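The block underneath contains the structure these notes are about, expressed in structure tokens.
None of the values given here were measured: they were computed from a predicted structure. Count residues from 1 along the sequence. Every number for a ligand or one of its atoms is a count from 1 in the order of the listing.
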Amino acid sequence: MEVRDKVVIVTGAAAGIGRGVAEEFVLRGAIVLIADIDVEHGEATAEQLRRSGNRGFFIPVDVSDGRQVRAMVERVIDNFGRIDTLVNNAGVVLFKPLLDMEESEWDHLLSVDLKGAFLCSKQVLPTMMQQGSGVILNIASNHALSTLPDSEAYAAAKSAMVAFTKSLALSYGPKGIRSVAICPGFTDTPHYQRWLQDVEDPKARERETLRLHPLGRIVSPADVGKLAVFLASEDASMITGTSVVLDGGVSAQLYVSE
Ligand SMILES: NC(=O)c1ccc[n+]([C@@H]2O[C@H](COP(=O)([O-])OP(=O)(O)OC[C@H]3O[C@@H](n4cnc5c(N)ncnc54)[C@H](O)[C@@H]3O)[C@@H](O)[C@H]2O)c1
């Protein structure tokens with residue numbers, strides 16, 4: 001699990017899973033770039049990581065904008081000279097009946113969740129190839145494997161992320177670069193809290209969600225962070241072109257009784 005002094009870009013790290021991933025990397029001595037569209041929370045996260053004596057820096061970026069992504073990656077290389085790990089985590093979620101979904105909403109979700117991973121990977125790959133090493137971790141979702149009604153755009157983006165990961169691993173494996181997707185289940189983030197509040201009885205939704213979990217709790221951002229650290233480390237040097245499901249057993253079951 002050695003990632004000391006590694007240079008790690010985590011997109012969407014101002015909150016939620018990305019923040020949990022950033023925290024786990026800095027705890028182990030990595031240099032972490034918090035790349036997020038949310039300036040206020042991105043700066044606050046970086047400030048908090050630095051106050052605890054660690055190395056976290058904020059860089060504003062909209063991952064769906066190729067020009068901004070190129071500028072972000074150039075800044076990282078100018079300042080730190082290398083990029084060891086990219087975590088493509090930034091994402092937006094929209095669950096909505098297909099018939100009500102606007103073309104612009106479909107485009108926005110795919111632009112952030114999928115095109116963002118393409119743009120960021122494209123910009124870091126030349127540096128990783130020069131180094132002869134690098135790891136690209138893609139935060140997909142268990143929606144890539146099984147999904148729910150009214151999730152067409154999100155499920156499409158996340159299963160595409162898994163396929164993207166496999167091809168990336170084949171193309172750049174010979175250059176020393178690995179690529180792995182992480183498929184978290186219900187994870188306690190601002191997004192999850194918004195989803196709970198989206199119904200008349202949030203407590204009932206929370207109880208129902210917990211019932212799906214054989215381990216009796218949902219995933220935490222730190223759980224995802226610990227897995228990401230392992231996958232980025234040399235201990236995972238033979239893991240590439242695959243995905244790891246991190247959902248506390250939710251997707252293992254066919255049926256949940258009352
Ligand atoms: N929370 C869950 O239950 C869950 C489960 C599986 C997968 N995921 C995935 O994990 C990732 C993070 O989810 P979360 O729950 O932490 O979400 P969140 O909404 O709590 O946080 C998302 C972060 O991404 C940033 N972001 C949004 N658009 C951006 C853009 N265009 N450019 C840069 N940054 C942007 C936001 O500012 C925010 O900081 C997403 O890809 C999501 O699909 C979440």
task: Please verify whether a non-hydrogen atom of G185 lies at under 4.0 Å from ligand 1.
output: yes
Inset, instruction - Please state whether A140 comes within less than 4.0 angstrom of ligand 1, counting heavy atoms only. - result: yes
**Request:** Give me the ring orientation class for F186 and Y192: parallel if the planes are under 30° apart, tilted from 30 to 60°, perpendicular past 60°.
**Result:** perpendicular
By number and element, which atoms of ligand 1 are closer than 4.0 Å to a non-hydrogen atom of [X]?
X: A15; value: 39 (O)
X: N89; value: 10 (O), 11 (C), 12 (C), 40 (C), 41 (O)
X: F186; value: 3 (O)
X: V61; value: 32 (N), 33 (C)
X: P190; value: 20 (O)
X: D38; value: 37 (O)
X: G16; value: 16 (O)

[atom]: nearest protein contact (heavy atom, Å):
atom: atom 31 (N) of ligand 1; result: D62 OD1, 2.9 Å
atom: atom 27 (C) of ligand 1; result: G91 O, 4.0 Å
atom: atom 6 (C) of ligand 1; result: P184 O, 3.2 Å
atom: atom 8 (N) of ligand 1; result: Y154 OH, 3.6 Å
atom: atom 3 (O) of ligand 1; result: T187 N, 2.9 Å
atom: atom 34 (N) of ligand 1; result: I37 N, 3.4 Å
atom: atom 17 (O) of ligand 1; result: H191 CB, 3.7 Å
atom: atom 36 (C) of ligand 1; result: D36 OD1, 3.5 Å

* Asked: Between D113 and V92, is there a donor-acceptor pair closer than 3.5 Å when you use the side chain of the first and the backbone of the second?
  -> yes
Check: Q123 side chain, C120 main-chain N or O, donor-acceptor pair, under 3.5 Å
no
Mind checking whether [X] and [Y] have side chains closer than 4.5 Å, heavy atoms only?
X: L33; Y: V10; result: no
X: L227; Y: V244; result: yes
X: R178; Y: Y172; result: no
X: K6; Y: I31; result: no
X: V229; Y: E2; result: no
X: V112; Y: H108; result: yes

Looking at D5 and R55, is there a salt bridge between them, counting it only when a charged N and a carboxylate O are closer than 4.0 Å?
yes
Under 4.0 Å from ligand 1, counting heavy atoms only, is it the side chain of [X], its backbone, both or neither?
X: K158; answer: side chain
X: R194; answer: side chain
X: V219; answer: neither

Any N or O of T189 closer than 3.5 Å to N or O of ligand 1: yes
Q.
Between F95 and Y154 (judged by ring centroids, cut-off 6.0 Å), do the two rings come close enough to count as a pair?
A. yes
- Item | Chi angles and distances behind the side chain to side chain contact (heavy atoms under 4.5 Å, CB included) call for V61, V69 | CA-CA 6 Å; V61 70; V69 170; 4.2 Å; yes
Restricting to heavy atoms, the pick from D247, L109, V112, I17 nearest atom 28 (N) of ligand 1 would be V112
Practice prompt. Please step through salt bridge (Lys or Arg N to Asp or Glu O under 4.0 Å) for the pair E206 and K203, ending with a clear verdict.
Written response: CA-CA 5 Å; E206 190 173 18; K203 283 279 164 218; 3.4 Å; yes
